[in-house]
Amino acid sequence: MVKIAVLGYGTVGSGVVEVIERNRMLIEKRVGKRLEVKYVLDIRDFPGDPYEDRIVHDAERILKDPEVEIICETMGGIEPAYTYSKRALEAGKSVCTSNKELVAAHGAELIALSEKHGCNYLFEASVGGGIPIIRPLNCALTAERVVEITGILNGTTNYILTRMEKDGADFGTVLKEAQQKGYAERNPEADVEGYDACRKIAILTSLIAGRTVDFGEIHTEGITGITPEDFQYARAMGRTIKLLAVSREEEDGYLASVTPCMLKKEVPLALVNGVFNAVSVRGNTLGESMFYGKGAGKLPTASAVVSDVVDCARHLGEHMVCIWEDEPVRLKPFEEGVSRFFVRMKEESEAEADAVFGPVAKIRLQELSGEYGFLTEPMTEREFAGKHRKVSGMISRIRVRD
Ligand code: NDP
Ligand code: HSE
């Protein structure tokens with residue numbers, strides 16, 4: 001019998017219990033032992049819940065119980081999740097988490113601690129919800145030098161952008177829907193401002209580099225500036241808009257960013273809609289490989305956490321190698337990245353824009369008077385910023401990926 005505890009009985013934590021109950025027979029066969037959820041830690045009580053009698057409010061009961069061998073940390077946030085995770089690992093208990101904020105901030109340290117104490121710190125659910133991506137990077141792609149990762153890594157924002165594009169839905173209304181469906185973070189600013197995707201691309205980059213990315217150094221833009229008018233232009237150009245997280249290994253470091261991008265409608269990432277996420281991984285000998293699935297939500301995310309529980313239960317007392325050291329990864333300055341840009345310009349500034357950007361094909365939409373749009377040639381962020389400063393009537397700009 002393997003005894004586990006769940007910290008945080010919210011969307012993901014309650015999903016963990018549900019997945020274990022629903023698939024108990026299969027899971028136990030795969031582990032080769034019975035599983036018991038001995039405790040569920042939460043602030044609240046859950047009267048009438050089938051697990052009501054396992055609810056505890058004092059983490060010490062779990063951390064000091066030698067019978068508990070695996071802990072699912074689905075509380076979120078840095079503290080007290082960080083302290084509880086460290087204490088659990090120091091006591092030789094493996095920890096399976098969906099908490100990307102904590103993994104991005106302390107991944108290297110917690111993995112090292114798990115190695116020292118002969119247990120595991122696993123975080124499959126921290127990137128891409130239910131999509132298997134951490135284990136493939138750690139176990140299946142070990143012959144590869146991964147040179148680029150491009151992903152739609154946030155379910156909430158992809159849900160919002162899809163509903164804006166397909167149904168003309170209003171940003172605020174759709175965000176509320178995403179919150180009701182359990183996709184959004186407690187503070188949804190983390191989703192809509194791109195911080196959540198930033199932490200996820202930092203985790204993936206740390207894994208492929210084997211060293212630590214400081215997520216605070218990754219250039220991050222969210223989707224709050226994306227408007228229905230941007231989608232009108234995108235449609236006219238046979239494109240759509242997605243929040244892309246990108247990390248590319250270059251000679252002198254990794255170039256990583258999170259920004260909204262216009263994509264041609266037919267490219268695979270443009271076809272990823274709603275709460276779905278996708279991660280495209282390019283290896284130096286494999287070429288491109290793509291992972292697709294639900295990026296958020298109770299059961300898909302819980303399924304990923306429970307897959308880690310199975311792995312830990314199969315390897316009790318044994319540390320599984322995960323190379324992510326404390327040493328920092330060098331990130332290249334974002335200004336050196338090269339893109340094409342879609343620019344929306346006020347008509348009154350057309351002469352000025354012509355002088356700065358040179359001859360460009362202009363897109364004028366009947367329904368949008370007093371402005372036009374155009375695509376630039378590829379240029380560095382630094383060059384674009386220089387041109388931006390020279391024209392007064394730029395309404396907005398979105399990067400373009402071909
Ligand atoms: P929820 O807010 O739904 O659940 C968190 C639960 O933990 C709540 O019940 C909360 O109680 C409880 N909790 C918080 N702090 C404490 C504490 N100090 N002691 C005891 N219980 C506590 O969040 P989610 O389930 O959505 O997310 C959990 C984690 O998983 C986060 O890190 C999130 O980023 C991540 N994640 C979420 C996904 C999703 O689709 N929702 C997908 C992938 C990852 P209370 O509500 O009373 O504060
Ligand atoms: N808020 C996150 C998202 C949860 O929407 O993608 C999954 O990490």
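When a ligand or atom number is given, it counts from 1 through the structure's own listing order. Quick note: residue numbers are just sequence positions, from 1. Predicted model, so just to flag it, every value in this text is computed and none were measured.
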**Item:** Salt bridge Arg211-Glu325, side-chain N to carboxylate O under 4.0 Å
**Value:** no
**Request:** Could you check whether the rings of Trp324 and Phe123 sit parallel, tilted or perpendicular, using 30° and 60° as the cut-offs?
**Result:** perpendicular
**Asked** Just how far is it from atom CD1 of Ile203 to atom NZ of Lys100, taken to the nearest 0.5 Å?
**Response** 8.5 Å
**Asked** For residues 236-259, which residue pairs qualify under ring pair (Phe, Tyr, Trp, His ring centres under 6.0 Å), counting only residues two or more places apart or in two chains?
**Response** none
**Proximal protein residues to ligand 1, non-hydrogen atoms under 4.0 angstrom** = Gly8, Tyr9, Gly10, Thr11, Val12, Leu41, Asp42, Ile43, Arg44, Thr74, Met75, Gly76, Pro80, Ser98, Asn99, Lys100, Ala125, Gly182, Glu185, Arg186, Ala296, Gly297, Thr301
**Request:** Say whether Glu109 and Tyr82, considering side chains only, have a donor N or O and an acceptor N or O under 3.5 Å apart.
**Result:** yes
**Prompt:** Out of curiosity, Ile152 CD1 to Thr162 OG1, how far, rounded to the nearest 0.5 Å?
**Reply:** 8.0 Å
**Message:** Tell me which residues fall inside the under-4.0 Å heavy-atom shell around ligand 2.
**Reply:** Lys100, Asn154, Gly155, Thr156, Tyr183, Ala184, Glu185, Asp191, Asp196, Lys200, Gly295, Ala296
**Prompt:** How many angstroms lie between atom CD1 of Ile133 and atom CG of Asn277, to the nearest 0.5 angstrom?
**Reply:** 11.0 Å
**Asked** Considering only heavy atoms from C-beta outward, does the side chain of Leu316 approach that of Ile70 to under 4.5 Å?
**Response** yes
**Prompt:** Excluding sequence neighbours, so at least two apart, what forms ring-ring contact (aromatic ring centres under 6.0 Å, His included) with Tyr195?
**Reply:** none
